[in-house]
Amino acid sequence: MMNIQLESIPATRIAYVRQTGPYGHGNAQAMEQLKGWAREQGLLQGSAVLFGIPQDNPATTRPELCRYDACISLPENPPEEASVPYGELPGGAYAVVTLQHTAEAVGQAWAEILPALSRSGHKLDPGRPVMERYTEDMVSRHLCELCFPVLE
């Protein structure tokens with residue numbers, strides 16, 4: 001049985017790299033590109049949080065059209081840098097699951113969380129994206145969090 005925590009995640013300013021194409025290897029390349037940029041800007045230390053955001057459902061979107069955003073939270077005064085676009089993640093209530101960062105564990109969590117949320121009376125918020133969330137500590141332990149937006 002998966003352990004689902006409800007959490008209020010604040011709106012977060014981000015820098016991101018978008019990858020378009022089948023989910024998988026390209027997502028990891030986008031994250032590495034983002035981390036390279038963030039390292040150059042001195043953003044990877046401390047409280048930086050990385051997010052991976054699949055923008056499309058591969059069950060309903062052709063693989064070559066699927067969009068994935070690799071994101072990093074920005075500090076109060078972000079670098080004046082134009083090579084990477086900035087944006088904002090919407091805040092709100094999220095159902096958060098911590099799991100091993102493997103394709104198998106992530107796939108299993110996706111299969112289990114929607115029925116688990118339904119059983120607990122929570123509904124997904126279609127206006128906000130599902131996110132993968134990573135902190136430096138979690139990455140060192142090969143963990144990630146899946147954050148599913150729920151209606152409050």
Side-chain angles (χ1 to χ4, degrees), residues 1-35 37-38 43-44 46-76 78 84-152:
M1 182 64 195
M2 70 177 28
N3 183 9
I4 300 173
Q5 302 292 321
L6 286 180
E7 182 180 334
S8 179
I9 297 177
T12 305
R13 257 189 79 138
I14 55 161
Y16 65 95
V17 170
R18 174 162 290 172
Q19 192 280 132
T20 303
Y23 290 151
H25 182 66
N27 298 11
Q29 287 179 316
M31 188 61 77
E32 288 310 310
Q33 182 184 343
L34 176 78
K35 289 192 314 197
W37 173 84
L43 297 175
L44 268 185
S47 60
V49 178
L50 295 168
F51 298 93
I53 303 176
Q55 295 285 357
D56 300 291
N57 180 343
T60 57
T61 302
R62 294 201 326 259
E64 65 272 16
L65 299 178
C66 286
R67 297 163 300 154
Y68 177 87
D69 293 343
C71 313
I72 187 168
S73 60
L74 290 171
E76 192 76 28
V84 172
Y86 288 179
E88 185 166 299
L89 293 179
Y94 285 81
V96 180
V97 179
T98 303
L99 56 135
Q100 289 294 311
H101 190 217
T102 64
E104 296 78 26
V106 171
Q108 183 177 353
W110 272 95
E112 292 178 9
I113 193 157
L114 298 177
L117 285 174
S118 180
R119 283 192 302 275
S120 67
H122 291 94
K123 293 194 176 2
L124 275 183
D125 179 350
R128 293 181 289 146
V130 173
M131 308 182 295
E132 304 159 2
R133 183 171 62 173
Y134 310 89
T135 62
E136 189 176 358
D137 176 59
M138 292 175 68
V139 169
S140 69
R141 295 185 294 144
H142 303 287
L143 298 173
C144 78
E145 292 173 318
L146 291 181
C147 306
F148 291 81
V150 291
L151 295 169
E152 299 186 61

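When a residue number appears, it is its place in the shown sequence, counting from 1.
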Side chains of residues 92-108: which donor-acceptor partners sit under 3.5 Å, not counting sequence neighbours?
| residue | atom | partner | partner atom | Å |
| --- | --- | --- | --- | --- |
| Tyr94 | OH | Pro90 | O | 3.1 |
| His101 | NE2 | Tyr134 | OH | 3.1 |
| Thr102 | OG1 | Ala105 | N | 3.0 |
| Gln108 | NE2 | Glu112 | OE2 | 2.8 |

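Contact annotation: the side chain of Pro149 approaches that of Leu124 to within less than 4.5 Å [non-hydrogen atoms, C-beta and beyond]. Counting heavy atoms from C-beta on, the side chains of Ile4 and Ser120 never come closer than 4.5 Å. Two residues are said to be in side-chain contact when any heavy atoms from C-beta on lie closer than 4.5 Å; Tyr16 and Ile53 fail this criterion. Considering only heavy atoms from C-beta on, Glu145 stays 4.5 Å or farther from Gln5 through its side chain. With contacts defined as side-chain heavy-atom distances shorter than 4.5 Å, the pair Leu65/Asp56 does not qualify.
Between Leu34 and Cys71 the shortest heavy-atom distance is CD2-C, 3.3 Å. Of all heavy-atom pairs between Ser73 and Thr12, the closest is CB-CG2, 3.7 Å. When all heavy atoms of Gly52 and Pro54 are compared, the closest pair comes out as O-CD, 3.6 Å. Closest heavy-atom contact between Pro22 and Asn27: O-OD1, 4.3 Å. Shown here for Lys35 and Leu44, the closest heavy-atom pair between the two residues is O-CD1, 3.6 Å. When all heavy atoms are compared, the tightest approach of Ile72 to Ala48 is CD1-CB, 3.9 Å.
Here Leu114 contributes atom CG and Arg119 contributes atom CZ; the two are 10.5 Å apart, rounded to the nearest 0.5 Å. Interatomic distance, CD of Gln55 versus OG1 of Thr20, reported as 9.5 Å (0.5 Å rounding). Interatomic distance, Leu50 CG to Cys144 SG, rounded to the nearest 0.5 Å: 11.5 Å. Atoms CD1 and CZ, on Ile113 and Phe148 in that order, are 4.0 Å from each other to the nearest 0.5 Å. Distance check: Arg13 CZ to Leu89 CG gives 11.5 Å after rounding to the nearest 0.5 Å. To the nearest 0.5 Å, atom CZ of residue Phe51 and atom CE of residue Met31 are 10.0 Å apart.
The only option from Glu132, Gln19, Arg18 that meets the side-chain hydrogen bond (donor to acceptor under 3.5 Å, both in side chains) definition with Tyr68 turns out to be Glu132.
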